[in-house]
Amino acid sequence: MNGKAAKWLARRIGGSLLLAFLVVTIVFFTLHLVPGDPAVLLLSTGGAAPSQEQVMRLRDKLGLDRPLIEQYWTFLSGIVQGDLGKSLQDDYPVASEIALRLPRTLELIFAAVIIGLAVGFPSGVKAAFGHGGWFDRIASGTAALLMAIPVFVVGTLLVLAFAVQLRWMPAGGFTPFSQDPVKHLTLLTLPALAIAKGLAATVFRMTKASVLDVMTRDHVRTARAKGLTPRRITMRHVVRNALSPVVTVVGLQIGTLLGGTVLVEYVFNWPGLSSPLIKAVEGRDYPMVAGIVLTISGLFLLINLIMDLLYAVLDPRVRP
Amino acid sequence: MNRKLVMPGLWIGTILVVAVAAPVLGLPDPVKQDIARRLAGPMLGSPLGRDEFGRDVLSRLIWGARTSLAVAFASAFIAAAVGTALGMIGAWKRGWVEWMTVRSMDVVLCFPPILLALLVVTLLGPGAGTLILVLSILYIPGFVRVAYGEVLSMRANDYVEAVRALGAPTSRILLRTVLPNIAGPLLVQVSLCVAAAIVLESGLSFLGLGVVPPSPSWGLMIRGARTTMAQAPWLLLWPCGALTLTILGMNLFCDRLRDVVDPRTTSVRSRPRLIDRLVPGLLPGHDPARDAVLAVDGLTVGIATPRGVVKPVEGVGFHVREGETLAIVGESGSGKSLTATAILGLLPPVAQAIEGTARFAGRDLLSLDEEARRRLRGGELAMVFQDPMSSLNPVYRVGDQLVEAIRAHGSVSPEQARARALELFRKVGIADPDRRLDAFPHEMSGGMRQRVMIAMAIANNPRVLIADEPTTALDVTVQAQILTLLKDLQTDNGMALVFITHSLSVVAEIADRVCVMYAGQVVEDGPVGAVFHQPRHPYTRALLAATPEGDELPTGIGGVVPLPQEFPTGCRFAERCGFAIDTCRAAPVALREVDEGRRARCIRSDEMARLPEAVA
């Protein structure tokens with residue numbers, strides 16, 4: 001890597017870090033921007049006013065009595081050291097809870113991305129080359145349907161079909177890979193499929209549009225004028241060039257994908273970040289919610305950064 | 001309303017009307033429980049049965065639509081109002097205002113939407129009000145971006161400048177002039193947001209963090225039905241179906257609306273209708289074409305359109321001998337490029353060569369199968385295109401693209417191919433060829449790129465090289481270099497060169513013979529000297545007069561080339577011709593031999609010969 005490239009890379013990473021800092025700041029100030037006393041707010045579940053004593057205890061626990069800037073600094077320095085505070089419900093460190101569950105969420109996301117790409121990309125290429133044919137029609141119709149069914153509906157219907165009606169696999173749950181690899185992967189299949197549906201449909205659509213567009217470009221005519229075989233033209237001069245917009249679209253889909261993961265984990269009882277998150281939102285456990293939101297948003301920024309770098313690998317014109 | 005929008009419009013409209021009319025439909029109370037009839041099947045008064053609390057499912061479905069749609073539309077409209085205002089102000093004021101209103105919004109996009117929503121729900125508690133607030137915040141940046149982008153591109157428009165110059169106050173300009181013009185894209189954004197909001201609302205309600213029970217909502221219905229999935233699976237299907245159909249309708253509506261509002265995204269490619277290829281014409285018997293390496297005869301290109309087949313190229317014939325340069329000249333729209341691409345079988349999918357022959361080395365290129373044609377292309381028959389930037393693949397190094405051309409024709413090892421590529425780069429005059437082989441197209445100048453294209457074309461010593469306006473996209477000084485290069489290469493290799501151009505000065509410099517095309521037909525051909533000295537067709541004469549020569553000012557040709565669907569029956573140039581008489585317009589004019597090796601398509605060509613010389 002030369003100096004120019006290193007500088008460019010540093011700037012990209014710097015930009016992502018700046019965004020991460022903004023995210024942290026927003027999460028911190030959201031608690032304080034809400035009108036009224038945050039402690040009262042967090043304690044008022046079900047409409048009943050909290051007792052003065054409860055409010056005092058929570059204010060003390062969250063350090064709400066200290067100056068705002070000092071609280072902000074504590075929050076920031078805590079994050080840098082990997083300390084996300086303690087859960088209001090059971091005093092358990094938020095970071096430890098996340099460390100336990102994050103790998104399981106990551107595994108699900110990883111499996112879903114692989115499935116989404118493996119299904120969406122080849123079918124998009126095939127549909128573009130047989131534009132208007134039977135495969136294109138069926139696949140486009142399926143993609144439109146998949147985009148319309150919300151992710152938790154897909155998950156629930158998968159449970160209904162495969163677990164309740166056909167009884168082919170369990171309705172959900174989790175077994176560590178080290179304990180029973182086959183069971184682990186069986187349990188992974190349905191949730192990963194459910195999360196992958198939106199990505200597969202979007203990648204399909206974008207790939208098809210992109211391939212159709214590249215096929216009409218001048219450089220493809222040049223490739224034909226060179227007398228290359230149709231196969232080589234397809235693989236090297238059409239599909240390869242069609243990749244960049246697909247990467248962009250995958251990047252844009254990641255936010256939806258991460259949100260879908262929260263819902264799907266709930267549907268399938270997958271013990272990732274989703275269940276403590278939902279429990280924490282129900283119990284107004286702000287430190288826990290903030291910690292998980294920060295983790296997933298950080299993941300979001302990281303994946304987007306990777307997509308940006310991948311884009312530069314694919315298209316030499318955007319390289320430094 | 002646009003016809004495309006009718007179907008999805010009715011679909012969404014029906015759902016909306018039913019939801020709005022819920023209170024007057026005489027439905028049972030959606031929250032009234034009746035434990036005795038828990039999970040009851042369809043019955044009188046409850047056509048869809050009862051849920052796990054014995055509540056009427058149809059009633060809950062319709063009232064649930066009301067909740068979902070109310071939340072979705074409310075948040076989309078709030079976001080639209082706030083976002084549009086911010087975006088318009090940001091684009092108008094620029095500076096720090098722009099930063100505050102536009103750039104700062106981007107931070108919302110750093111969160112996955114559902115997580116930002118959960119963060120706010122933690123503080124405010126679940127409920128429809130919280131949902132509307134959260135969804136509005138989530139969708140504001142989208143509207144800011146749309147409004148900002150549209151206003152920026154509009155500011156430059158003359159009519160906005162005109163209103164501004166008249167001294168209208170900013171707020172008035174924005175509301176009266178700008179807003180109506182960006183209404184289309186904003187409407188698309190609103191419908192996108194409504195669809196997304198329905199999905200998010202139902203998802204949060206499904207988690208029990210959206211609409212608060214017992215209010216009916218589709219998400220809550222799915223949540224409830226999940227618990228009784230084994231006993232009553234149909235309870236799951238109703239809300240799932242309703243949700244999916246609504247979103248499907250909304251998505252369809254968005255797609256169509258986008259097509260209507262922004263015609264740029266509409267697909268313009270019409271599917272090619274199968275035109276039966278006619279039996280190729282009889283063998284051309286022209287003597288002059290006998291020793292030709294490439295002889296085209298009666299070539300017609302057809303494009304199927306909804307109003308019938310148009311023929312942008314009709315009955316074109318020419319030939320070129322070994323070592324000879326033939327220039328095909330004409331204005332844009334005369335069919336020169338289509339002719340060339342038809343010969344190589346590189347026509348765009350909508351166009352087809354429907355008649356004629358193109359004999360190359362004893363074979364008719366137009367009736368060859370694609371595989372045989374592929375073997376010839378880039379081998380014995382090569383082509384250079386007009387725009388070297390778009391004609392090279394941007395993602396590969398130029399050397400690799402050249403090596404690919406070499407290796408496509410014959411088994412050559414990568415090392416040999418690289419050596420050959422190096423040799424070719426030297427031959428086309430690329431300085432520092434070893435380093436240049438590893439460059440990407442965007443790292444080279446236009447002239448260099450065209451040299452790469454030429455190197456690729458001559459890589460396998462073609463017998464015929466077709467160059468389609470190879471210098472048009474280049475600077476004048478570079479043009480001359482490329483011309484010299486092509487001429488030198490031709491002398492070295494003895495190949496035939498077909499040079500397509502619209503510039504007569506280029507013709508004079510490079511060609512032996514010239515073929516003048518107008519509106520899809522050959523109107524005159526012959527040796528360059530004779531044709532330029534004494535043109536036999538008024539069009540050639542007009543072209544020559546339009547070419548700057550010494551101190552004389554060129555005379556332009558009035559009018560434009562007619563479009564293929566508007567070609568007249570008679571002489572196609574008659575409308576722009578100073579010599580036209582009534583007979584010209586009556587019937588098609590034939591291309592006939594007017595002199596030794598010269599043809600012209602004009603009934604007055606003999607009179608043309610007696611006119612004073614066109615070029616000094």
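Not measured: the values here are computed from a predicted model. The figures here come from the full heavy-atom set of this structure, side chains too, leaving out hydrogens, waters and symmetry mates. All chains are named by letter (A, B, ...) in the order of the sequence lines, taking the proteins before the strands, and each is independently numbered beginning at 1.
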Side chains of [X] and [Y]: does their closest heavy-atom pair fall under 4.5 Å?
X        : Y        : result
B:Phe206 : A:Val267 : yes
A:Leu277 : B:Leu115 : yes
A:Ile296 : B:Phe111 : no
B:Pro233 : A:Gln165 : yes
A:Val293 : B:Leu116 : no
A:Asp218 : B:Phe385 : no

Can you tell me which portion of [X] sits under 4.5 Å from chain A's heavy atoms? Options are side chain, backbone, both or neither.
X        : value
B:Met456 : side chain
B:Ile114 : side chain
B:Asn460 : neither
B:Pro348 : neither
B:Gln401 : both
B:Arg407 : neither
B:Arg226 : side chain
B:Leu133 : neither
B:Leu392 : backbone

If I compare all heavy atoms of [X] with all of [Y], which pair ends up nearest, and what's the gap?
X        : Y        : answer
A:Glu282 : B:Leu207 : OE2-O, 4.2 Å
A:His219 : B:Pro394 : ND1-CD, 4.0 Å
A:Arg284 : B:Leu123 : NH1-O, 3.6 Å
B:Pro112 : A:Gly255 : CB-O, 3.6 Å
A:Phe152 : B:Val199 : CE2-O, 4.3 Å
A:Asn241 : B:Val395 : OD1-CG2, 3.6 Å

Of all of [options], which one pairs up most often with chain B through heavy atoms under 4.5 Å apart?
options                                : answer
A:Gly259, A:Ser297, A:Ser274           : A:Ser297
A:Leu263, A:Leu22, A:Leu258            : A:Leu263
A:Val262, A:Leu19, A:Ile26             : A:Ile26
A:Asn304, A:Leu145, A:Ile292, A:Thr229 : A:Thr229
A:Val23, A:Ile254, A:Thr256, A:Val151  : A:Val23

Toward chain B, the part of [X] with a non-hydrogen atom under 4.5 Å:
X        : answer
A:Ser244 : neither
A:Asp285 : backbone
A:Tyr286 : both
A:Arg236 : both
A:Arg217 : neither
A:Leu294 : neither
A:Val164 : side chain
A:Ile149 : both

I'd like to know if the side chain of [X] and the backbone of [Y] have a donor-acceptor N/O pair within less than 3.5 Å.
X        : Y        : value
B:His409 : A:Leu228 : no
A:Arg224 : B:Gly345 : yes
B:Ser391 : A:Thr222 : no
B:Arg374 : A:Gly227 : yes

With a cut-off of under 6.0 Å to the ring centre and 45° to the axis, is A:Arg240 in cation-pi contact with B:Tyr396?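 Here A:Arg240 passes the 6.0 Å and 45° test against B:Tyr396.
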Salt bridge check, A:Arg205 against B:Asp255: does any charged N sit closer than 4.0 Å to a carboxylate O?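 A salt bridge is present here (some side-chain N lies under 4.0 Å from a carboxylate O).
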Listing, residues 234-253 of chain B side-chain donor-acceptor contacts under 3.5 Å, not counting sequence neighbours, or none:
| residue | atom | partner | partner atom | Å |
| --- | --- | --- | --- | --- |
| B:Thr244 | OG1 | B:Cys240 | O | 2.8 |
| B:Thr246 | OG1 | B:Ala242 | O | 2.7 |

Between A:Leu301 and B:Cys110, does the side-chain contact (heavy atoms from CB on, under 4.5 Å) criterion hold? Intermediate values first, please. CA-CA 7 Å; A:Leu301 292 175; B:Cys110 293; 4.1 Å; yes
